[in-house]
*Asks:* 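After the structure tokens below, expect a handful of questions from me.
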Amino acid sequence: MPRYIPGILVLLFLSPSAHAQDQPKIEIFGGFSYANINAGEHRVNTKGWHFMIAVNSRMSWLEFAADVSGHYGKLAGSSTATYIAMAGPRLTLRRGRMTGFVHSLYGVSFGHPSSIPLDEFDDRPQRLWFTFVPGGGGLDIELNRRVAVRLFQVDLIFPSRTPEYLQPLPQTGYASFQVRFSTGIVLRFGKV
């Protein structure tokens with residue numbers, strides 16, 4: 001069966017579909033997420049959840065997306081939790097039952113305790129960072145008009161130094177990044 005999968009994907013991509021003309025007004029994604037976080041001398045593998053809502057505009061290629069996720073793992077024997085909330089524009093290309101998209105997102109991330117390295121003498125566990133995805137994207141396959149499967153979504157996420165006057169707790173100057181991979185189900189509502 002696995003040898004037929006590439007052929008099936010090509011047929012799905014090339015086949016015309018009346019559903020492609022019915023662009024949904026709102027798409028809600030929920031699923032599993034894996035993130036690999038660069039934490040200085042270590043890389044931390046984390047697992048968690050990912051939720052995204054996209055509101056489509058009258059232009060079939062332009063959407064606005066809001067994105068939240070949580071990842072959990074271990075760093076130096078301690079449990080970590082990292083949360084991210086972002087929003088931004090998303091560009092979409094619909095071909096038959098397949099929908100590809102790219103986006104650029106901006107927001108904040110925080111952790112408890114943080115998986116981003118901290119000063120060794122600072123025991124306060126929570127930090128807040130401005131966070132952005134300069135580029136990310138994914139691919140959905142429509143099962144019917146209301147449900148699709150997100151085969152994958154990949155994002156390269158960068159936290160940046162938050163100015164001291166906006167930061168309730170001090171930070172180090174360390175800059176990190178994480179690669180986030182997600183998959184799950186997309187529910188579609190309404191029609192543009």
Side-chain angles (χ1 to χ4, degrees), residues 9 12-13 20 23-40 42-73 80 82-111 114-117 127-142 148-163 166 171 173-188 192:
L9 290 176
L12 285 172
F13 184 72
Q23 179 181 343
K25 180 68 175 169
I26 296 174
E27 295 176 275
I28 299 173
F29 163 74
F32 171 79
S33 186
Y34 163 83
N36 183 273
I37 301 171
N38 178 9
H42 307 283
R43 295 201 66 85
V44 180
N45 294 314
T46 61
K47 299 173 190 167
W49 53 269
H50 186 182
F51 177 79
M52 176 183 266
I53 185 166
V55 178
N56 299 315
S57 71
R58 292 194 179 268
M59 294 177 272
S60 63
W61 52 271
L62 180 63
E63 302 170 346
F64 178 79
D67 178 290
V68 294
S69 64
H71 294 91
Y72 312 94
T80 67
T82 302
Y83 302 98
I84 300 171
M86 299 181 289
R90 183 169 105 166
L91 306 177
T92 301
L93 175 63
R94 299 176 195 281
R95 275 276 197 227
R97 294 186 177 273
M98 298 184 85
T99 301
F101 61 89
V102 295
H103 53 235
S104 183
L105 305 170
Y106 306 88
V108 296
S109 61
F110 58 95
S114 171
S115 55
I116 296 175
R127 298 290 184 272
L128 176 72
W129 293 271
F130 286 138
T131 302
F132 64 98
V133 174
L139 180 66
D140 297 345
I141 294 186
E142 180 180 301
V149 172
R150 179 149 303 162
L151 290 181
F152 67 88
Q153 178 177 328
V154 178
D155 297 301
L156 185 58
I157 302 171
F158 289 94
S160 64
R161 187 171 174 82
T162 306
L166 293 176
Q171 308 178 66
Y174 184 80
S176 178
F177 70 92
Q178 78 182 56
V179 178
R180 178 178 68 184
F181 174 83
S182 303
T183 186
I185 300 295
V186 180
L187 303 176
R188 300 171 168 183
V192 174

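Here the structure is a predicted model, which is why all the values come from computation and not from measurement.
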*Asks:* Run the side-chain hydrogen bond (donor to acceptor under 3.5 Å, both in side chains) test against S33 and tell me which residues pass, sequence neighbours left out.
*Replies:* H71, S182

*Asks:* In chain order, what residues pass the side-chain contact (heavy atoms from CB on, under 4.5 Å) check against P134, with sequence neighbours excluded?
*Replies:* F132, F158

*Asks:* What is the distance from atom CG of L93 to atom CH2 of W61, rounded to the nearest 0.5 Å?
*Replies:* 12.5 Å

*Asks:* Please identify each residue that fulfils side-chain contact (heavy atoms from CB on, under 4.5 Å) with V102, with sequence neighbours left out.
*Replies:*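 Partners of V102 under the side-chain contact (heavy atoms from CB on, under 4.5 Å) test: L91.
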
*Asks:* Just checking, any donor-acceptor pair under 3.5 angstrom between side chains of S60 and Q23?
*Replies:*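 No, Q23 and S60 have no side-chain donor paired with an acceptor closer than 3.5 Å.
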
*Asks:* Please determine whether side chain to side chain contact (heavy atoms under 4.5 Å, CB included) holds for the pair L151 and I141, giving the CA-CA distance in whole Å, both sets of side-chain angles, and the decisive distance to 0.1 Å.
*Replies:* CA-CA 7 Å; L151 290 181; I141 294 186; 3.4 Å; yes

*Asks:* With side chain to side chain contact (heavy atoms under 4.5 Å, CB included) as the criterion, how do M98 and D140 come out once you've worked through the C-alpha distance, each side chain's angles and the decisive distance to 0.1 Å?
*Replies:* CA-CA 6 Å; M98 298 184 85; D140 297 345; over 6 Å; no

*Asks:* Starting from the C-alpha separation in whole Å, work towards a yes-or-no answer on side chain to side chain contact (heavy atoms under 4.5 Å, CB included) for E27 and T92.
*Replies:* CA-CA 12 Å; E27 295 176 275; T92 301; 5.7 Å; no

*Asks:* Quick one: sort the F29 and H50 rings into parallel, tilted or perpendicular, breaks at 30° and 60°.
*Replies:* perpendicular

*Asks:* Is the closest side-chain heavy-atom distance between I157 and I84 below 4.5 Å?
*Replies:*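 Yes, side chains in contact.
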
*Asks:* Run the side-chain hydrogen bond (donor to acceptor under 3.5 Å, both in side chains) test against W49 and tell me which residues pass, sequence neighbours left out.
*Replies:*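 side-chain hydrogen bond (donor to acceptor under 3.5 Å, both in side chains) check on W49 returns Y72.
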
*Asks:* Return the set of residues passing side-chain contact (heavy atoms from CB on, under 4.5 Å) with F64 (not counting sequence neighbours), or none when no residue passes.
*Replies:*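 Result, side-chain contact (heavy atoms from CB on, under 4.5 Å) vs F64: A87.
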
*Asks:* With sequence neighbours excluded, what pairs up with I28 under the side-chain contact (heavy atoms from CB on, under 4.5 Å) test?
*Replies:* I26, F51, I53, F189

*Asks:* Please name all residues satisfying side-chain hydrogen bond (donor to acceptor under 3.5 Å, both in side chains) with D155, sequence neighbours left out, ordered by chain then number.
*Replies:*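 In terms of side-chain hydrogen bond (donor to acceptor under 3.5 Å, both in side chains), with neighbours along the sequence ignored, D155 is linked to H103, Q153, R180.
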
*Asks:* Rounded to the nearest 0.5 Å, what's the gap from CG on N45 to CG on N36? Could you check?
*Replies:*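 The CG atom of N36 is 5.0 Å from CG of N45, to the nearest 0.5 Å.
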
*Asks:* To the nearest 0.5 Å, how far apart are CD in E63 and OG1 in T99?
*Replies:*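 It is 8.5 Å, given to the nearest 0.5 Å.
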
*Asks:* With sequence neighbours left out, what residues match Y106 under side-chain hydrogen bond (donor to acceptor under 3.5 Å, both in side chains)?
*Replies:* S104

*Asks:* Rounded at 0.5 Å granularity, tell me how far OH in Y34 sits from OG1 in T183.
*Replies:*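 Atom-to-atom, Y34:OH and T183:OG1 are 15.0 Å apart.
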
*Asks:* Please identify which of these residues, R188, R94, R150, R95, meets the salt bridge (Lys or Arg N to Asp or Glu O under 4.0 Å) condition with E142.
*Replies:*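 Among R188, R94, R150, R95, the one meeting salt bridge (Lys or Arg N to Asp or Glu O under 4.0 Å) with E142 is R188.
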
*Asks:* On a heavy-atom basis, which atom in T131 and which in V108 lie closest, and how many Å separate them?
*Replies:* OG1-C, 3.5 Å

